[in-house]
Structures are given as C-alpha cells and as structure tokens.
Amino acid sequence: MSGKVFALVDGNSFYCSCERVFQPELSRRPVIVLSNNDGCAVARTPEAKALGIKMGAPFFQIRDLCKREGVAVFSSNYALYGDMSRRMNDIYHRFAPEVEVYSIDESFLDITGIAADRTAYGQEIRQTVRQWTGIPTCVGIGPTKTLAKLANRTAKNVPALKGVCDFTNADQREALLPPIPVGDLWGVGKATAEKLKANGIETVGQLRAMNPRHARQLLTVVGERMVLELNGVLCLDLEAAPPTRKGMAVTRGFSRPITTLDEMCEAIAAYATRIGEKLRQHGLAAVHGQVFMHSSPFAREPWIHRSRAFAPIEATNDTHELIRLATRAGREAWKDGYRYAKAGIILTELVAAADVQRGLWGAAERDHQQKLMTALDAVNRRYGRGSLVPAAAGLKRGWGTRFEMRSGRFSTSWGEMPIVSGHDGSDTQRPQPARRTP
DNA sequence: TCTGGGGTCCTAGGACCC
DNA sequence: TCTGGGGTCCTAGGACCC
C-alpha cells in the first residue's frame, strides 16, 4: 500500500443539486440540467435517471417525457455552479492540508494520517458540506486516487454505506471491489473495456490480478498504472497546484446555422473576445492557434469542416489582436454555400504573459492596449461578462447560444439573490430568470 | 426546428540532424 | 550480395475524463 490516504469528495448530481439548493420545492421532483444551447441532458437526479433519461440524451427527444412526468428542466448556469464549487472547496481545506480540485464537482483530499476513523471523518465532511452549502456529496477513501475514485462510485451505488466508502479498509474493499465491472473504472472507456473483454477480463478484480507488464503490452503505460494503482501502488499523486495549462479553447454551436461570412466573423470575434478574457485571467498569452468551423454532423446535408492556423508575431492576449488574427483566419477558412453549425478557436501553444519576448517597436502602442484590456476586464467584472464588448463581436447575435431555462445567478448577483420573508421560509420569493440587458 | 464544451495524456510516424 | 543508427521535435489521431 502507498502509505497515503486520499478522499475523493463529489457532489451528487451536482448541477441539479445546485438548482435544488435555491428552489427547495424541487427536492422531490426529478430535475435535469441541459448542456450549452439547451442541447442535451448533462446532469440528472436519481428520479430523472429512473425515468430512463440517459446521460447526453438530446433534449428534443425527451421534451415530451419531461413535460408528462413533471421533470424540472434547466439550462446550464455556470455562474451558480462555479460559485457553489468554490464554496465546497473552501470547506475541504478545513479537513485536509492539500486539496486537488479535479473538476467542478470533484476534489481529492490528502487525509494521510489525519483520522483514525476514516469513515466517521468522511461523514463529517459530508455533513459539513451539506449544512453549509446544501449540496449532498459522497466520499470515497483509498490509498491511491484510482481506489478512492472506485470507493466513491461504490459509496454512490451501495445505499447501506450512507455515502462513505473506505477502500483502505481491507474487509470493505475485498467485499465490494472485485465484482465491479471494469468499465466503471476511472480511465476505462468503451474501447478499453472491449479490449479487456476480448482478453477475458470483465471485472476490476480480474484486472487487479493482471501482470502489470502484460497490462502495459495491452493498454500502454496507462493500463500498467491502473493495475498498479488498484494494488495500492501510488502512480498518480495529488496535484494541489494546478499545472500550467497546455491549451485553451472557446468553441460553441450556434442556435441556428450560419450561412454568411459576416455572421461567421461576428461569431469568431465574439469567441476571440472570450478567449482573450480567459488568457488574461490566467496570466497567459497565445503563441499559436487555429480557427475552425463545420456543418452539422447530424443533419442530412453536405458536410464541411474547415480550419486555418494563425500566429501572432509575438505572443498576445490582446483582444483586438486576437480578433484581427482569428477573423482573418476565419475568412481564409470560409467557403460559401454551406450551413455552419459550429465554430471555435483553439490555442495550442501558450506562454506566461510576463515572459513574452517583446519586439523592439510599438512599446507605446502595446502599453496603451494593455491598459485598455485592464479597463475592459474591470468593467466586465463589475457589471457582468459581456457588458462591454468590441463592436466586431456583434450586438444582435442571432446565432448566440440558447439558455432558455436558466435559473437566477442566486449567489453571485445582487439583483438575483433570493429574497426570504416570513419565519419559516415558506414564502420564499424567486427572482426572474437571468436576462441580459443590452 | 432541436444532438455540449473544454480539457488531458499517449502513441505512431515523419522530418530532421549528426 | 552489401546502403546506419539513434536522438529530438512536431503533428495527428485516438481515448478518456467531467
């Protein structure tokens, strides 16, 4: 065994739970949250799963079912989910010295040597998070991340565990782990599961017993690491400090097809604006990127996918420069006569903005632009993203992403905060759904 | 009519170099 | 008869994750 102890805490049906926190009357109703553009279901409560709503189900296919069964349907509200996630992580830091934020609803805690009774400690974490944020969670504990992940999944699936499963406990581990289907393991997707099945391996117990060298031959180092981690050998350590990122992207489907170059340029400029914000937020600058656009892979119409690379003379995070480069690449990539369903900007090489190699000329101009960007970001932080946008990014945005069922930004916007009156909260008023003022 | 977005890691293969 | 070998870097594509 590794000598370390990790706990993986994750929010149950996280996006749905966030909605329920602010609308408690939803607690007994099935709830789902949709992806961008209200495209498909990406979060479902157990009640919604029981109705047969699958992960990734296109909304237009389940719309009738939702209506019939009284499912509460929401567009994604990232302002809300991101804020709830931050609150949960603040709490985790009270329980562990090192926390790795793995995703918006999952964090690994290093709880090595902290508690003698780990199950009780896990329960304490759950109760605190529940009480302080309203979000229900499950906790999985193990000597490696892979085992903690598996324990977390088991905590979810075995009600008798009451939300905490400890795979550092040999009795619990040997009773519950071996029969788990190998496809449920972290890192085993469809292709790997089929490969393993062809080799006679269908359960986690069988995979754990595999010779690591054999696993490497079959599944590269990734498979070898899985086998070792299942046996308590640490291969993936906690990463408390997020590593510098390698790439960045803003890609989005349109709410209706785009057929004119003007609109395409508007969309690309809007995405360039957003990626500029993201770059500055992370203190990064782009060295190399590309623009792409394609038609719908679902529609029965001619398929087209076009892309063009771009590179600034020196690394940049300036919105106007990014718009100039990206729209130029977009014009080069554009081909008339198609119905484009999606476009995006992908930056493949980033550097720290502070390290950018400066050219000899144009220092005054750069300085001016930098001040302008700082002011732009300040305004948008103060008044909400999109309050101040470059004209090129468009104001009408007929192609803009749909969020027709979005709840309020209850926890991050004064204007949308829920108002409670009375003694028992029974007449809690809800504000109007978020609406962007032009 | 309507099917998400944003990441990571790994490998193979080609180009290039000495 | 007989035409090296090993290293690095880059890119594309596959697989996986939430």
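Bear in mind that the values here come from a model prediction, so they are computed numbers and not experimental data. Computed from heavy atoms alone, side chains included, the values below leave out hydrogens, waters and symmetry copies.
- Of the two residues contacting DNA chain B, namely Ala249(A) and Tyr78(A), the nearest-nucleotide position lying further toward the 5' end is that of Tyr78(A).
- Interface residues of residues 40-69 of chain A facing DNA chain C, ordered by number: none; criterion, heavy-atom separation under 4.0 Å.
- Residues forming a ring-ring contact (aromatic ring centres under 6.0 Å, His included) with Tyr338(A) (at least two apart in sequence, or on another chain): none.
- Between Tyr340(A) and Lys335(A), the closest heavy-atom pair is OH-O, 2.7 Å.
- At the heavy-atom level, Phe14(A) lies nowhere under 4.0 Å from the strands shown.
- Counting non-hydrogen atoms of neighbouring residues, nucleotides and ligands closer than 6.0 angstrom, the OH atom of Tyr78(A) exceeds 12 such neighbours.
- Arg225(A) comes within contact range of the sugar-phosphate backbone alone, with a heavy-atom separation under 4.0 Å but no base atom that close.
- Identified under the salt bridge (Lys or Arg N to Asp or Glu O under 4.0 Å) test for residues 85-99 of chain A, with sequence neighbours left out: Asp83(A)-Arg86(A), Asp83(A)-Arg87(A), Arg86(A)-Asp90(A).
- The ring-ring contact (aromatic ring centres under 6.0 Å, His included) check on His294(A) picks up Phe292(A), Trp303(A), His305(A), with sequence neighbours excluded.
- Partners of Ser17(A) under the side-chain hydrogen bond (donor to acceptor under 3.5 Å, both in side chains) rule, at least two apart in sequence or in another chain, do not exist in this structure.
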List the atom pairs, with distances to 0.1 Å, where a side-chain N or O of residues 219-233 of chain A and a protein N or O form a donor-acceptor pair under 3.5 Å, not counting sequence neighbours.
| residue | atom | partner | partner atom | Å |
| --- | --- | --- | --- | --- |
| Thr220(A) | OG1 | Val222(A) | N | 3.4 |
| Glu224(A) | OE1 | Arg216(A) | NH1 | 2.7 |
| Glu229(A) | OE1 | Thr146(A) | N | 3.0 |
| Glu229(A) | OE1 | Thr146(A) | OG1 | 2.6 |
| Glu229(A) | OE2 | Cys235(A) | N | 2.8 |
| Glu229(A) | OE2 | Leu236(A) | N | 2.9 |
| Asn231(A) | ND2 | Arg208(A) | O | 3.0 |
| Asn231(A) | ND2 | Val227(A) | O | 2.8 |

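- Tyr81(A) is listed as a side-chain neighbour of Glu19(A), based on a closest heavy-atom distance under 4.5 Å.
- Of the residues near DNA chain B, Arg216(A) and Ser255(A), the one whose nearest nucleotide (by heavy atom distance) lies more toward the 5' end is Ser255(A).
- Residue pairs meeting the side-chain hydrogen bond (donor to acceptor under 3.5 Å, both in side chains) criterion with at least one member in residues 128-143 of chain A: none, sequence neighbours excluded.
- Think of the region where chain A sits on DNA chain C: with heavy atoms and a 4.0 Å cut, that region ends 5' and 3' at dA15(C) to dC18(C).
- Residue contacts shown for Asp38(A) are absent, as no nucleic acid heavy atom lies under 4.0 Å away.
- Applying the salt bridge (Lys or Arg N to Asp or Glu O under 4.0 Å) test to residues at least two apart or on different chains, the pairs with a partner in residues 28-48 of chain A are Arg20(A)-Glu47(A).
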Let me have DNA chain B in dot-bracket notation, would you? Count Watson-Crick plus G-U wobble pairs, both distances under 3.5 Å, and use [ ] for pairs crossing earlier ones and | for inter-strand partners.
-> ....||||||||||||||

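- Salt-bridge annotation for Glu321(A) and Arg324(A): present, with a side-chain N of the basic residue lying under 4.0 Å from a carboxylate O of the acidic one.
- Of the P atoms belonging to dC18(C) and dC2(B), the separation is 30 Å, rounded to the nearest Å.
- Residues from residues 187-206 of chain A with heavy atoms under 4.0 angstrom of DNA chain C, sorted by number: Gly187(A), Val188(A), Gly189(A), Lys190(A), Ala191(A), Thr192(A).
- Of all heavy-atom pairs between Asn317(A) and Leu322(A), the closest is C-CD1, 4.0 Å.
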Between side-chain atoms of residues 260-276 of chain A and protein atoms elsewhere (two or more places apart, or another chain), which donor-acceptor pairs fall under 3.5 Å?
| residue | atom | partner | partner atom | Å |
| --- | --- | --- | --- | --- |
| Thr260(A) | OG1 | Glu263(A) | N | 3.3 |
| Glu263(A) | OE1 | Arg256(A) | NH1 | 3.1 |
| Glu263(A) | OE2 | Arg256(A) | NH2 | 2.9 |
| Glu266(A) | OE2 | Trp399(A) | NE1 | 3.1 |
| Tyr271(A) | OH | Arg252(A) | O | 3.3 |
| Thr273(A) | OG1 | Ala269(A) | O | 2.7 |
| Arg274(A) | NH1 | Glu277(A) | OE1 | 2.7 |

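- Leu185(A) comes within 4.0 angstrom of the backbone, heavy atoms only, and of no base.
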